[in-house]
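Atom set for the values below is all heavy atoms of this structure, side chains included, hydrogens, waters and symmetry mates excluded.
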Amino acid sequence: MASMRNVRKIEILAPARDLATARAAIRYGADAVYIGAPMFGARHAAGNSVEDIATLVREAHLWGVRVYVTMNTILYDSELESARELALQLVSVGVDALIIQDAAYLRMGIKGVEFHASTQMAIRTPEEARFWAACGCTRVVLERGMTFDEIRAVCETGVEVECFVHGAICVGYSGRCFLSRSMSPRSGNRGECSQPCRLTWDLVDERGRTIVANKHLLSVRDLNLSRHIEKMTRAGVVSFKIEGRLKDENYIKNTVAYYRQIVDASPNLCAVSQGECVADFKADPRKTFLRGDTDYFFRGVQRGVASFDTPKSIGEQVGVVGQIGRTWFDLADSSAELHAGDGLCWLSDDGFVGTNVNKVEGRRIYPNKLDKLTPRAVVYRNLDAEFVRALGRSTSRRTMKIDASVTFSEDAVRLKYTTADGVSAESVVEESFELPRNVERMEAMVREQVCKSGDTAFVVQNVELQGDVRFVPSSALAQLRRDALAELEQKLSERKPESRIAAENRDAKFPTTKIDGSRNVTNAVSRQFYLEHGAEVVEQGWDLAEELYDKPVMTTRYCLRRELGMCLLEKPKYRGALYLERGAWRYRLEFDCRKCEMRLIAEDICKD
């Protein structure tokens, strides 16, 4: 068993689309949740009212769960005052941190809240991490395309580090992608990404010949670093972030419970929040939204991270097709239990085909349709009907153990409840009660009454009786219990987890002296911020540009040449120019083999 000195506290950080999903995340084990503000969040469709966020803060703080609010879009000059007013409202209701992309927030005079540097800042180096920490960000959220060694190098700076460990991956460096903006008015840096990276594209050579046709060439699998949690913790990562602010409640329940179980099962890890969370189902992230999983570039750049055939959830592999009949097929090489209502899919020459199961007889499956199913096709289950029903029936609760003490005196009875971390509340009845005829029976009744916790989250584990036991009516004991538990709940809800407010060091120098348009400086306050921190040139942010011809609208560590076995460092047969095309849209691919990066350069974009 690990000594307490070697046990590391870590934070499971869960997404929340709204108050309901936030409550589910807390119930199933999150130590913190991140949720969108009414405006200025990178998921425009996942905004929430300040009133709902205030309710969430009260409920979350009961458990020591922190609430982070995303305000991580770039700001225009006309929006600065509105953004400031909204941020101040959120601070007033007790949020623990604002997740930001725009440096203007650091110059708004907002006090009493942490700033977390969003993954939208594309922080990938120790130098950038140190800079933002020096300028008032108490935490940096790293870019998803980093290797373990790069993550460890940032952690070694002493800056608090948060990493994504699960969910969808932005194939381009976050906050530096303008692909959506180059094809429409919708910008990912304004919370309205149209996700063109999930669409089908053609890969074309310099002579116009199609090398790959109609494939999802920029779509990558979903991240799953669950098996690396302890390694990342030892490196210094403190917060483990689950993607999914647009995902449903079942995804939240399942994924959060899965990561909480990893923490609870490890003798080397413990949660930073309070309460026990025991799911009444076996969590399995393959059974909710999953495009196939990958650890991306955590172990270094590698092939096999793409999802060329579909951008949709394919779920878990359940077997291989054997015989095929007129209305059925046999499933071989499978230990999965399939049920009527399950959703299945398989890859055909025209892409993935999906259907649902009508009936199951042993290994024989009767689907709704058999379109383009062939022997030896791999079958996936992207909807496990029984699992979904189990999630729907789940009544898991988060509970907190407390101790009770009852003190009797001649003229009063006091009931006190205390949590494991020393928060206490008490209630008193000031009245003279007689000594009981049967002391043992009275003691038993007192213990029974003070152990009841009704629909609260508390579980009384120890009861201590002090003084000579008096005959107290059960109604009086019940009122004492209700009052003390209500006060304890209020005290816990009103507490604010420890914050580490940091001030801007005006002498800190940004690592580069040129701020190009990809850093998207779109307001005067942010521009002045960079100039005062050593920048000599601050270009206008590309979201303000009317057109993006000849601009690198995406920079990414993902490389199509590497993925297709055409890496320039490995003597490929074709070394000429490559282009991505979709209808009128055309992007030239540039490859920086020294950095192992690919760039998409906008070309010949139709403006109609």
(request) I would like to know whether Asp543 and Arg181 meet salt bridge (Lys or Arg N to Asp or Glu O under 4.0 Å); could you show each step before the answer? (result) CA-CA 7 Å; Asp543 258 295; Arg181 174 67 174 76; 3.6 Å; yes

Answer with yes or no whether the side chains of [Y] and [X] bring together a donor and an acceptor at under 3.5 Å.
X: Ser307; Y: Ser219; answer: no
X: Asn250; Y: Thr288; answer: no
X: Ser182; Y: Tyr587; answer: yes
X: Asn520; Y: Thr522; answer: no
X: Ser396; Y: Arg27; answer: no
X: Arg364; Y: Tyr366; answer: no
X: Asn48; Y: Asp18; answer: no

Student check: side-chain heavy atoms of [X] and [Y] closer than 4.5 Å:
X: Arg139; Y: Ser239; answer: yes
X: Arg303; Y: Val305; answer: no
X: Thr73; Y: Asn189; answer: no

Kindly compute the distance separating [atom1] ([X]) from [atom2] ([Y]), expressed to the nearest 0.5 Å.
X: Asp371; Y: Thr355; atom1: CG; atom2: OG1; result: 7.5 Å
X: Ile365; Y: Thr327; atom1: CD1; atom2: OG1; result: 12.0 Å
X: Leu578; Y: Ile211; atom1: CG; atom2: CD1; result: 5.0 Å
X: Thr233; Y: Ile10; atom1: OG1; atom2: CD1; result: 4.5 Å
X: Glu162; Y: Ile99; atom1: CD; atom2: CD1; result: 6.0 Å
X: Glu337; Y: Ser335; atom1: CD; atom2: OG; result: 8.5 Å

(message) Walk me through whether Lys551 and Glu547 qualify under salt bridge (Lys or Arg N to Asp or Glu O under 4.0 Å).
(response) CA-CA 9 Å; Lys551 296 286 194 301; Glu547 57 187 35; over 6 Å; no

(request) Cation-pi check, Arg588 to Tyr579: give yes when NZ or CZ is under 6.0 Å from the six-membered ring centre and within 45° of the ring axis, no otherwise. (result)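 That pair does not qualify as a cation-pi contact.
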
Do [X] side-chain atoms and [Y] backbone N/O form a donor-acceptor pair below 3.5 Å?
X: Asp293; Y: Asn224; value: no
X: Arg17; Y: Leu246; value: yes
X: Thr210; Y: Val212; value: no
X: Tyr574; Y: Ala577; value: yes
X: Lys253; Y: Leu391; value: yes
X: Glu143; Y: Gly145; value: yes
X: Thr119; Y: Leu142; value: yes
X: His116; Y: Val140; value: no
X: Asp52; Y: Ser49; value: no
X: Ser266; Y: Ile262; value: no

(request) May I have all residue pairs that pass salt bridge (Lys or Arg N to Asp or Glu O under 4.0 Å) and include part of residues 346-362, sequence neighbours excluded? (result)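 Those involving residues 346-362 are Asp350-Lys372, Lys359-Glu361.
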
(message) By the salt bridge (Lys or Arg N to Asp or Glu O under 4.0 Å) test, which pairs, at least two apart or in different chains, include something from residues 213-233?
(response)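 Pairs touching residues 213-233 that pass the test: Lys215-Asp309, Asp222-Arg291, Arg227-Asp295.
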
(message) Between Glu581 and Trp201, does the side chain to side chain contact (heavy atoms under 4.5 Å, CB included) criterion hold? Intermediate values first, please.
(response) CA-CA 6 Å; Glu581 294 184 354; Trp201 294 85; 5.6 Å; no

Distance-minimising heavy-atom pair for [X] and [Y]:
X: Arg575; Y: Leu568; result: NH1-O, 3.4 Å
X: Arg363; Y: Ser334; result: NH1-OG, 3.2 Å
X: Gln302; Y: Phe297; result: O-CE2, 3.6 Å
X: Phe148; Y: Ala235; result: CE1-CB, 3.7 Å
X: Arg519; Y: Arg176; result: NH1-NH2, 2.6 Å
X: Thr55; Y: Arg23; result: CG2-NH2, 3.7 Å

(request) Evaluate the criterion side chain to side chain contact (heavy atoms under 4.5 Å, CB included) for residue pair Ile601 and Arg599; output intermediate values, then yes/no. (result) CA-CA 6 Å; Ile601 313 299; Arg599 289 187 288 272; 4.2 Å; yes

(message) With a 4.0 Å cut-off on N to O distance, would you call Asp333 and Arg376 a salt bridge?
(response)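 Here Asp333 pairs with Arg376 in a salt bridge, since their nearest N and O are under 4.0 Å apart.
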
(request) Quick one: sort the Trp346 and Phe329 rings into parallel, tilted or perpendicular, breaks at 30° and 60°. (result)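 The rings of Trp346 and Phe329 stand perpendicular, inter-plane angle above 60°.
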
(message) Under the criterion salt bridge (Lys or Arg N to Asp or Glu O under 4.0 Å), I'd like the reasoning laid out for Arg286 against Asp284: C-alpha separation, chi angles, the key distance, then a yes or no.
(response) CA-CA 5 Å; Arg286 298 173 302 168; Asp284 184 344; 2.8 Å; yes

(message) Checking Glu192 against Arg186 for the salt bridge (Lys or Arg N to Asp or Glu O under 4.0 Å) test, could you report, in this order, the C-alpha distance in whole Å, the side-chain angles of both residues, the deciding distance, and whether it holds?
(response) CA-CA 5 Å; Glu192 296 180 326; Arg186 294 176 60 182; 5.7 Å; no

(request) Report the C-alpha separation of Tyr68 and Ile35 in whole Å, then their side-chain angles, then the decisive distance to 0.1 Å, and conclude whether the side chain to side chain contact (heavy atoms under 4.5 Å, CB included) test is met. (result) CA-CA 6 Å; Tyr68 309 143; Ile35 189 169; over 6 Å; no

Could you list the donor-acceptor pairs under 3.5 angstrom formed between side-chain atoms of residues 163-174 and any protein atom two or more places apart in sequence or on another chain?
{"from": "His166", "atom 1": "ND1", "to": "Tyr259", "atom 2": "OH", "distance (Å)": "2.9"}
{"from": "Tyr173", "atom 1": "OH", "to": "Arg124", "atom 2": "NH1", "distance (Å)": "3.3"}
{"from": "Tyr173", "atom 1": "OH", "to": "Glu597", "atom 2": "OE2", "distance (Å)": "2.9"}

(request) Give every residue pair that meets the side chain to side chain donor-acceptor pair (under 3.5 Å) criterion with at least one member in residues 557-567, sequence neighbours excluded. (result)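 For residues 557-567, and leaving out neighbouring residues, the side chain to side chain donor-acceptor pair (under 3.5 Å) pairs sorted by first residue read Glu150-Arg557.
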
(request) Could you name each residue pair satisfying side chain to side chain donor-acceptor pair (under 3.5 Å) that touches residues 310-326, not counting sequence neighbours? (result)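 Qualifying pairs: Lys287-Glu316, Glu316-Arg381.
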
(request) Test side chain to side chain donor-acceptor pair (under 3.5 Å) on Asp516 and Ser518 and set out the steps. (result) CA-CA 6 Å; Asp516 68 22; Ser518 72; 2.5 Å; yes

(message) Evaluate Leu331 against Val318 for side chain to side chain contact (heavy atoms under 4.5 Å, CB included), listing each step before the verdict.
(response) CA-CA 8 Å; Leu331 194 63; Val318 292; 4.3 Å; yes

(request) Please identify each residue that fulfils side chain to side chain donor-acceptor pair (under 3.5 Å) with Thr374, with sequence neighbours left out. (result)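 In terms of side chain to side chain donor-acceptor pair (under 3.5 Å), with neighbours along the sequence ignored, Thr374 is linked to no residue.
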
